[in-house]
Participant: 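Shown below is the structure under consideration.
In this text the structure is predicted, and so the values were computed from the model without any measurement. So that the names make sense, note that chain A is the first sequence line, chain B the second, and so on, each numbered from 1.
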Amino acid sequence: MEYEGVAVDVEFLKRYSTVLNDELQQVREQIFEQAGVSFNMDSPKQLGEILFQKMQIPSEGKKTKTGQYATDEETLQELATSYPVAAAVLRYRTLQKLKSTYVDALPALIHPRTGRVHSSFNQAVTSTGRLSSSNPNLQNIPIRTEEGREVRKAFVPRNSDFVLLSADYSQIELRLMAALSQDAAMLEAFHQHLDIHTATAARVFGVALDAVSSDLRRKAKMVNFGIIYGISAFGLAQRLGIPRGEAKTLIEEYFKQYPGVQSYMQHSIEQARQRGYAETILGSRRYLKDLHSRNFTVRGFAERNAINAPIQGSAADMIKIAMIRIHETLRQSQSQARLIFQVHDELLLDVPRHEIESVRILVKEAMEQAMPLPVPIVAETGIGNNWLEAH
DNA sequence: TCTCTCACG
DNA sequence: ACGTACGTGAGAGAC
């Protein structure tokens with residue numbers, strides 16, 4: 001993947017940079033007008049002083065650990081409805097991040113001889129067994145906002161005879177939780193090919209599947225994610241913006257519905273404490289000395305690591321097996337298709353148009369059959385003339 | 001080099 | 001009383 005690299009549409013990025021620049025200029029002027037002074041908005045220190053001293057916006061005492069005013073997204077979001085300047089700063093941040101980190105940075109990283117971007121995929125960085133990507137990081141290219149997604153259009157096939165194939169695992173970590181915990185209800189939901197968040201909402205809130213509202217699904221989704229991270233009522237309450245007592249009730253009901261998950265989580269911590277490490281399906285270890293700490297916070301971190309590491313790490317094991325088999329099969333068949341990068345649960349390949357259907361099937365099968373598990377594993381594929389289209 | 005912020009799974 | 005959701009990398013400012 002490092003050697004192959006990925007082609008980037010520089011002209012597209014240059015045009016988009018100009019678009020972003022124009023809007024940034026407008027937002028900058030709005031903010032300076034409301035503040036009555038111009039300053040460096042990229043400096044959190046200056047920004048905090050302007051908002052909370054000069055403009056007298058009530059800060060509610062929120063400070064960073066070094067005593068500066070907090071100006072992070074959560075803080076500004078709370079102020080945004082009452083103070084238009086806060087909304088404008090958020091808008092500025094979104095656009096500035098996009099421009100500086102992605103749109104303007106990528107063209108500079110194109111290799112002069114290959115005309116492609118060759119990221120590093122680091123194999124010994126993370127504590128869970130995932131890869132990481134650097135120079136540039138191709139694993140954090142925007143997708144969540146409309147403007148951000150645009151950047152993905154700049155990732156293109158090597159030439160017009162090729163297309164991009166994207167293949168991503170569906171809910172891989174929750175499927176692994178079902179498999180590792182052997183929880184009957186969670187296994188059943190996946191065997192029935194239900195939407196897991198909807199199925200969880202139906203169980204936890206005691207309603208029919210077709211009576212699950214988007215809000216109930218959203219809450220169930222947060223709990224499902226929380227489970228993978230080693231849930232706490234505090235963390236869940238903060239995410240959902242609900243009182244801690246409510247979050248606690250929600251978690252209790254979750255464990256009633258998925259009792260196997262609860263016992264698996266307890267078992268994970270207990271086993272890691274006895275052995276000194278947590279391990280993945282393939283046996284790679286995360287050592288967790290802090291499980292014996294007398295400090296509540298330190299121990300809590302280690303306990304959540306003991307729950308999360310086998311899940312996140314086994315997902316990493318699985319996609320690595322798939323990658324090795326895909327590479328081998330492509331090599332043996334003298335295919336011109338190439339794996340070009342991995343984003344934790346997604347693979348991207350550059351594929352000759354005439355090979356597309358055979359490669360699509362090969363990749364999907366390799367991903368879904370990487371390991372024998374008591375739960376169906378599903379990989380979805382897409383094809384396009386850029387990464388956004390393919391995804 | 002550290003801090004703050006924010007992009008992703 | 002304690003006080004956090006798991007895993008990363010990068011840009012910009014401050015020092």
Side-chain angles (χ1 to χ4, degrees), chain A residues 39-48 63-77 89-90 92-106 108-109 119-122 125-145 147-149 151-152 168-174 177 222-240 244 247 251 268 278 286 293-313 315-316 319 341-347 387 391:
Chain A
F39 61 100
N40 185 352
M41 277 185 283
D42 293 333
S43 162
K45 185 168 183 281
Q46 291 184 41
L47 178 65
K63 296 281 178 70
T64 68
K65 60 186 170 203
T66 54
Q68 301 295 328
Y69 292 104
T71 68
D72 61 10
E73 184 177 359
E74 190 189 345
T75 306
L76 295 181
Q77 199 62 58
V89 169
L90 285 171
Y92 173 82
R93 286 248 179 93
T94 301
L95 300 171
Q96 177 63 23
K97 175 81 175 180
L98 218 51
K99 184 170 184 292
S100 64
T101 306
Y102 304 102
V103 177
D104 290 347
L106 279 170
L109 292 165
S119 174
S120 294
F121 288 93
N122 314 301
V125 168
T126 72
S127 40
T128 55
R130 277 186 172 181
L131 304 182
S132 83
S133 159
S134 55
N135 299 310
N137 182 353
L138 292 183
Q139 293 180 325
N140 73 346
I141 304 298
I143 193 168
R144 294 174 189 171
T145 68
E147 290 115 332
R149 298 168 79 92
V151 176
R152 294 191 172 219
D168 67 296
Y169 279 119
S170 161
Q171 302 298 347
I172 186 62
E173 294 190 347
L174 282 170
M177 175 58 90
M222 285 288 188
V223 183
N224 275 331
F225 274 116
I227 289 294
I228 291 166
Y229 297 153
I231 202 160
S232 75
F234 184 94
L236 182 64
Q238 202 165 358
R239 295 282 154 156
L240 285 176
R244 246 170 65 195
I251 294 168
S268 294
R286 177 170 187 172
S293 172
R294 268 82 68 206
N295 181 308
F296 172 93
T297 307
V298 172
R299 190 175 65 249
F301 262 117
E303 288 174 353
R304 291 193 294 279
N305 290 155
I307 292 163
N308 176 260
I311 303 285
Q312 192 181 118
I319 199 167
F341 57 86
Q342 184 245 52
V343 192
H344 311 308
D345 65 355
E346 171 183 7
L347 298 177
W387 188 12
H391 193 275

Participant: Within the distance-only criterion (no hydrogens, no angle test), does the side chain of A:Tyr102 pair as donor or acceptor with the backbone N or O of A:Asn140 below 3.5 angstrom?
Facilitator: yes
Participant: Taking atom P in both C:dA5 and B:dC6, what distance in whole Å separates the two?
Facilitator: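 So the two P atoms sit 15 Å from each other.
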Participant: When all nucleic acid strands are considered with a 4.0 Å heavy-atom cut-off, which category describes A:Met41: base, sugar-phosphate, or nothing?
Facilitator: nothing
Participant: If the cut-off is 4.0 Å, is A:Arg144 near the phosphate of B:dC8, judged by side-chain N/O to OP1 or OP2?
Facilitator: yes
Participant: Drop me the distance from A:Glu303's CD to A:Ser232's OG, to the nearest 0.5 angstrom.
Facilitator: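 Atom-to-atom, A:Glu303:CD and A:Ser232:OG are 11.5 Å apart.
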Participant: Rounding to an integer number of Å, can you tell me how far A:Arg299 CZ sits from C:dT4 C1'?
Facilitator: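 Rounded to whole Å, this separation is 14 Å.
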Participant: B:dC8 P sits how many Å from A:Gln342 CD, rounded?
Facilitator: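 Rounding to the nearest Å, CD of A:Gln342 and P of B:dC8 are 17 Å apart.
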Participant: If you go through the side-chain atoms of A:Arg286, does one of them form a donor-acceptor pair with the base of C:dG7 closer than 3.5 Å?
Facilitator: no
Participant: Would you please confirm or rule out a distance under 4.0 Å between OP1 or OP2 of C:dG9 and any side-chain N or O of A:Ser132?
Facilitator: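 It does, given that an N or O in the side chain of A:Ser132 lies less than 4.0 Å from OP1 or OP2 of C:dG9.
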Participant: Mind checking if A:Leu131 touches a base, just sugar-phosphate, or nothing, with heavy atoms under 4.0 Å?
Facilitator: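 Since no nucleic acid heavy atom lies under 4.0 Å of A:Leu131, the category is nothing.
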Participant: Can you tell which of C:dA5, B:dC8, C:dG7 lies closest to the side chain of A:Phe225?
Facilitator: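 Minimum distance to the A:Phe225 side chain belongs to C:dA5.
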Participant: Each nucleotide in nucleotides 10-15 of chain C should get exactly one letter: B, S or -. Can you fill that in based on protein heavy atoms under 4.0 Å?
Facilitator: BSSSS-
Participant: What is the distance, to the nearest angstrom, from the CZ atom on A:Phe121 to the C1' atom on C:dG9?
Facilitator: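 Spelled out: CZ on A:Phe121 to C1' on C:dG9 is 13 Å.
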Participant: Under 4.0 Å, counting only non-hydrogen atoms across every strand here, what does A:Asn305 touch: a base, just sugar-phosphate, or nothing?
Facilitator: sugar-phosphate
Participant: Considering heavy-atom distances to DNA chain C, does A:His344 or A:Ser232 have its closest nucleotide positioned more toward the 5' end?
Facilitator: A:Ser232
Participant: Measure the distance from CD1 on A:Ile172 to C1' on B:dC8 and round it to the nearest whole Å.
Facilitator: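 Distance, rounded to whole Å: 18 Å.
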Participant: Could you tell me whether the phosphate oxygens of C:dT8, OP1 or OP2, come under 4.0 Å of any side-chain nitrogen or oxygen in A:Thr128?
Facilitator: no
Participant: Is DNA chain C part of any stem, that is, at least 3 consecutive Watson-Crick or G-U pairs with both distances under 3.5 Å, and where?
Facilitator: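 Looking at DNA chain C, the stems formed by three or more consecutive pairs are B:1-9 with C:6-14.
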Participant: Quickly work out the A:Arg152 CZ to B:dA7 P distance and round it to whole Å.
Facilitator: 13 Å
Participant: Side chains of A:Phe39 and A:Met41: does their closest heavy-atom pair fall under 4.5 Å?
Facilitator: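 A:Phe39 vs A:Met41: side chains touch.
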Participant: Between P on C:dC6 and CD on A:Glu303, what's the gap in Å once rounded to a whole number?
Facilitator: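 Atom CD in A:Glu303 sits about 12 Å away from atom P in C:dC6.
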Participant: Stacking between A:Phe301 and the base of C:dT4 (centre distance under 5.5 Å, interplanar angle under 30°)?
Facilitator: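 So A:Phe301 does not count as stacking on the base.
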Participant: Counting any heavy atom closer than 4.0 Å, what does A:Gly300 reach on the DNA or RNA strands: base, sugar-phosphate only, or nothing?
Facilitator: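 Result for A:Gly300 = nothing.
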Participant: Hey, could you give me the CZ/CZ distance between A:Phe234 and A:Arg239, rounded to the nearest 0.5 Å?
Facilitator: 11.0 Å
Participant: Rounded to whole angstroms, how far apart are CD on A:Glu74 and C1' on B:dA7?
Facilitator: 17 Å
Participant: Touch check for A:Ile141, heavy atoms < 4.0 angstrom, all strands: base, sugar-phosphate only, or nothing?
Facilitator: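 Since only primed, P, OP1 and OP2 atoms lie under 4.0 Å of A:Ile141, the category is sugar-phosphate.
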Participant: Given the P atoms of C:dT4 and B:dT5, what is the spacing between them in whole Å?
Facilitator: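 About 16 Å, rounded to a whole number of Å.
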Participant: Less than 4.5 Å apart, side chain to side chain, heavy atoms only: is that true for A:Ile311 and A:Tyr229?
Facilitator: no
Participant: Are side-chain heavy atoms of A:Val343 and A:Leu138 found at a separation under 4.5 Å?
Facilitator: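 No. Closest side-chain heavy atoms not under 4.5 Å.
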Participant: Within the distance-only criterion (no hydrogens, no angle test), does the side chain of A:Ser119 pair as donor or acceptor with the backbone N or O of A:Ser134 below 3.5 angstrom?
Facilitator: yes
Participant: Look at all strands and tell whether A:Gln238 reaches a base, only sugar-phosphate, or nothing, counting heavy atoms closer than 4.0 Å.
Facilitator: nothing
Participant: To the nearest 0.5 Å, how far apart are CG in A:Asn122 and CD in A:Gln139?
Facilitator: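 Between A:Asn122 CG and A:Gln139 CD, I get 8.5 Å after rounding to 0.5 Å.
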Participant: Give the rounded distance in Å between these two atoms: CZ of A:Phe341 and P of C:dG9.
Facilitator: 17 Å
Participant: Looking only at non-hydrogen atoms, find the nearest pair between A:Ser100 and A:Ala105 and report the distance.
Facilitator: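 Scanning both residues, the minimum pair turns out to be O-CB, 3.6 Å.
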Participant: Nearest to the A:Lys65 side chain among C:dT4, B:dG9, B:dC4, which nucleotide is it?
Facilitator: B:dC4
Participant: Give a yes-or-no answer on whether the side chains of A:Thr128 and A:Asn308 include a donor-acceptor pair shorter than 3.5 Å.
Facilitator: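 Side chains of A:Thr128 and A:Asn308: no pair found under 3.5 Å.
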Participant: Give a yes/no on whether any side-chain N or O of A:Ser127 is located under 4.0 angstrom from OP1 or OP2 of C:dT8.
Facilitator: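 Checking A:Ser127 against C:dT8: at least one side-chain N or O falls below 4.0 Å of OP1 or OP2.
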Participant: Do A:Leu47 and A:Val89 come close enough that some side-chain heavy atom pair is under 4.5 Å?
Facilitator: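 Yes, at least one pair of side-chain atoms sits under 4.5 Å.
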Participant: With respect to the side chain of A:Arg93, which nucleotide from C:dG7, B:dT5, C:dA5 is positioned closest?
Facilitator: B:dT5
Participant: Any N or O donor-acceptor pair linking the side chain of A:Arg304 to the base of C:dT4 at under 3.5 Å?
Facilitator: yes
Participant: Would you check if A:Tyr229 stacks with the base of C:dC6, given a 5.5 Å centroid limit and a 30° plane limit, both strict?
Facilitator: yes
